[in-house]
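Comments concern the structure below.
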Amino acid sequence: MDNLYDIIIIGGGAAGMAAGVYGGRSRLKTLIIEKGAVGGAAYSTREIANYPGFHAHVSGPALMADFRAHAEKFGVEFTRGEVRELSLEGDPKTIRLKKGPEYQAKSVVLALGTEPRLLGVPGEKEFRGMGVSYCATCDAENFTDCVVAVVGNGDAALEEAVYIAKFAAKVIVIVIHDEGIVDCNKVSAEIAFQHPRLEFVWNSSLAEIKGDEDVSSIVVKNLKTGALTETAVDGVFMYVGLLPMTGVVRDLVETDKNGYIITGDKMETSVSGVYAAGDCRQKYLRQVVTAAADGAVAAHAAGHYIEEFEEYKTMVAGSDQILLAFWSPMNEFSINAIAKAEQISAEYPGKIKLVKIDLYRKQMLARKYNVQTPGTFILLKRETACGTLSTDCYNTLESTLRAWMTR
Amino acid sequence: MAITKLDADSFERNVIEGRGKCLIVFSRQNCHVCAEVVPMLEELAPELASECAFYYVDVEEQASLYKTYPLKGVPSLMFFKDGDYQGKLAGPVTEEQVREKIAAIG
Ligand SMILES: Cc1cc2nc3c(=O)[nH]c(=O)nc-3n(C[C@H](O)[C@H](O)[C@H](O)COP(=O)(O)OP(=O)(O)OC[C@H]3O[C@@H](n4cnc5c(N)ncnc54)[C@H](O)[C@@H]3O)c2cc1C
């Protein structure tokens, strides 16, 4: 099975490639599937000023090329393609591309990233690429000596406005807040406020983009007075936030109302064996360093999951009935209960196979059968649970186990 | 690469003095959307080879050629027939849009 991988990572940005480094280094057969540019969002970033250790100038593409080389050094494979369909329940998991082969994986890391949010004003879609842009690195040069509007007031908006002003004659920044208020880091805000070619329009939003073949003007709405003003511009750069590219998994894993994937601290999603990392998950800070950290955690957790899963498969192989006994070294009752269970099962040779599971070290089965307390017993018949016992009474334990043994 | 890369001279010969339909994609390194659109065109080119020629211009290498046209961003696709301009598409262009556009040129 050439198309079966230990870990398949969807998305080749910082998060996906960091997951690749950790997966590859653990000798797991790892594949990264990327639909566009390997490097993701950072691929279009001219300078990454805050990735620890890289205090000399490093561009996004250069840093991402190093991420890729690092992953490849550990044997990670890369392939181009857009994932369109996944089946994530069960094992192995199946991944289908828009074009090309079908892949199978023991575990999956979703590192899908974000894309620019569209504002949804008239003219925005129509003039995309004809004066409406979401990428200053790509398009700022086309507006040399022109008048350009920037919509937004976060880090990206103000930093990109300053970059665009290297080329444009004038940059109009449209901000929804009161004068002087922006949602941007102080250093970049100061630079923007003092820039001679930047002009701020406060308390305002973009209402419409107009033009013939290309953009020729914008209509700006004053949010206090409601007044509409038309201004001639050659281009509009939009920085009004990001949306997670999680459409393809929206019905498969749990997400928040904005579509960000919800994970625990091991980057585990609501589906067993499926992890999420980077900008596509619900989190506090979306940066290259946090994306990389997520990727490391996700791949490490995926490796553990695979190990446990294989162990489990060997355990259950060839036995019709299995008794899962969850215990913990910290819980005295559970230790005694297991001893008791072993005694009883020895009286019925070949009837039920007893499998002991340390609840805190092995979480795959605990999650699968929703077990929270040590001393819980689960009877499996051909891998389906057909009996659950959670008690702290030795008599109940004995009678239930005997009933199961003679069933 | 299934798409021929052009400079100013070969642009003149193949596009302006060329016969039949062609499309030219203007693209640059470090553009995330280009990295999705260009491979899509590379896959499409062999299939439509008899109907339309596919060309590629790197806007950083061919800055003056790029400036000749009033393009506002990358990726931009320009369509020509017998040397005459037939329109453009820009941004995250899909395979379906390209097929439609080529068919519409007639
Ligand atoms: C303008 C700007 C400036 C920034 N500046 C900085 C900075 O200075 N410092 C910093 O630390 N951070 C910065 N950031 C943030 C940083 O770029 C991101 O946090 C980081 O790159 C996220 O990485 P990621 O891997 O989670 O997602 P992404 O980089 O978005 O990667 C996700 C990848 O998944 C792919 N993908 C999605 N869906 C599919 C699918 N169905 N099939 C196949 N592939 C798919 C996408 O094509 C994409 O390449 C900046 C961001 C922007 C927009």
Side-chain angles (χ1 to χ4, degrees), chain A residues 12-13 34-46 59-62 64-65 79-82 98-100 113-116 118 124-146 148 211-216 233-238 245, chain B residues 1-3 23-48 56-80 85-99 101:
Chain A
E34 167 56 55
K35 71 179 160 83
V38 169
Y43 185 70
S44 303
T45 307
R46 295 173 305 279
S59 74
M64 290 302 106
T79 191
R80 222 194 79 75
E82 180 177 344
K98 184 177 168 194
K99 267 189 197 152
T114 55
E115 60 188 340
L118 305 192
E124 182 179 16
K125 275 219 172 102
E126 192 188 338
F127 293 113
R128 179 150 188 189
M130 320 276 185
V132 174
S133 175
Y134 301 82
C135 175
T137 307
C138 309
D139 301 331
E141 243 185 282
N142 298 315
F143 299 93
T144 304
D145 301 328
C146 296
V148 174
D212 289 323
E213 206 184 16
D214 294 321
V215 170
S216 59
V233 298
D234 304 289
V236 189
F237 285 79
M238 306 287 244
M245 286 193 268
Chain B
M1 181 143 120
I3 309 188
L23 75 78
I24 310 100
V25 56
F26 290 80
S27 167
R28 74 158 76 219
Q29 290 263 309
N30 303 347
C31 151
H32 199 266
V33 177
C34 302
E36 289 181 44
V37 171
V38 174
M40 177 274 288
L41 295 172
E42 284 172 346
E43 275 170 31
L44 193 60
E47 186 196 323
L48 298 181
Y56 172 95
V57 171
D58 182 310
V59 303
E60 276 160 299
E61 288 170 16
Q62 305 299 330
S64 49
L65 173 59
Y66 183 39
K67 290 211 182 90
T68 320
Y69 293 94
L71 297 174
K72 294 291 183 203
V74 285
S76 282
L77 279 65
M78 291 209 298
F79 295 82
F80 285 81
Y85 175 65
Q86 304 287 332
K88 66 180 177 179
L89 293 172
V93 174
T94 64
E95 183 184 322
E96 293 67 37
Q97 284 175 292
V98 176
R99 285 182 190 276
K101 186 77 190 172

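First the proteins, then the strands, lettered A, B, ... as listed; each starts at 1.
Looking at Ser44(A), the atoms closer than 4.5 Å to chain B (heavy atoms on both sides) sit in the backbone and in the side chain alike. Proximity to chain A is limited to the side chain of Val33(B), based on heavy atoms less than 4.5 angstrom apart. Within the 4.5 angstrom heavy-atom criterion, no atom of Arg46(A) approaches chain B. Using a 4.5 Å cut-off between heavy atoms, Glu213(A) contacts chain B through its side chain alone, with no backbone atom that close. Both the backbone and the side chain of Lys88(B) have a heavy atom closer than 4.5 Å to some heavy atom of chain A. Neither the backbone nor the side chain of Phe127(A) comes within contact range of chain B, judged by heavy atoms closer than 4.5 Å. Only the side chain of Glu141(A) comes within less than 4.5 Å of a heavy atom of chain B; its backbone N, CA, C and O stay farther away.
Options Gly40(A), Ala140(A), Gly131(A) differ in how many heavy-atom pairs under 4.5 Å they form with chain B, and the most are formed by Gly40(A). Comparing Gly87(B), Cys34(B), Pro39(B) by heavy-atom pairs within less than 4.5 Å of chain A, the highest count is held by Pro39(B).
Considering Tyr56(B), Phe80(B), Phe79(B) in turn, Phe79(B) is the only one that fulfils the side chain to side chain contact (heavy atoms under 4.5 Å, CB included) rule with Leu23(B).
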Next item on the list: List the steps and the verdict of side-chain contact (heavy atoms from CB on, under 4.5 Å) for Asn142(A) and Leu71(B).
Entry: CA-CA 7 Å; Asn142(A) 298 315; Leu71(B) 297 174; 5.7 Å; no
Item checked: Steps toward side-chain contact (heavy atoms from CB on, under 4.5 Å) verdict (Val215(A), Lys72(B)) -> CA-CA 9 Å; Val215(A) 170; Lys72(B) 294 291 183 203; over 6 Å; no
Next item on the list: With side-chain contact (heavy atoms from CB on, under 4.5 Å) as the test, would you mind laying out the steps for Arg28(B) and Thr137(A) before giving the verdict?
Entry: CA-CA 10 Å; Arg28(B) 74 158 76 219; Thr137(A) 307; 6.0 Å; no
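Using a 4.0 Å cut-off between charged side-chain N and carboxylate O, Arg99(B) and Glu95(B) make a salt bridge.
To the nearest 0.5 angstrom, Met40(B) atom CE is 12.5 Å from Lys35(A) atom NZ.
A ring-centre distance under 6.0 Å is not found for Tyr69(B) and Tyr85(B).
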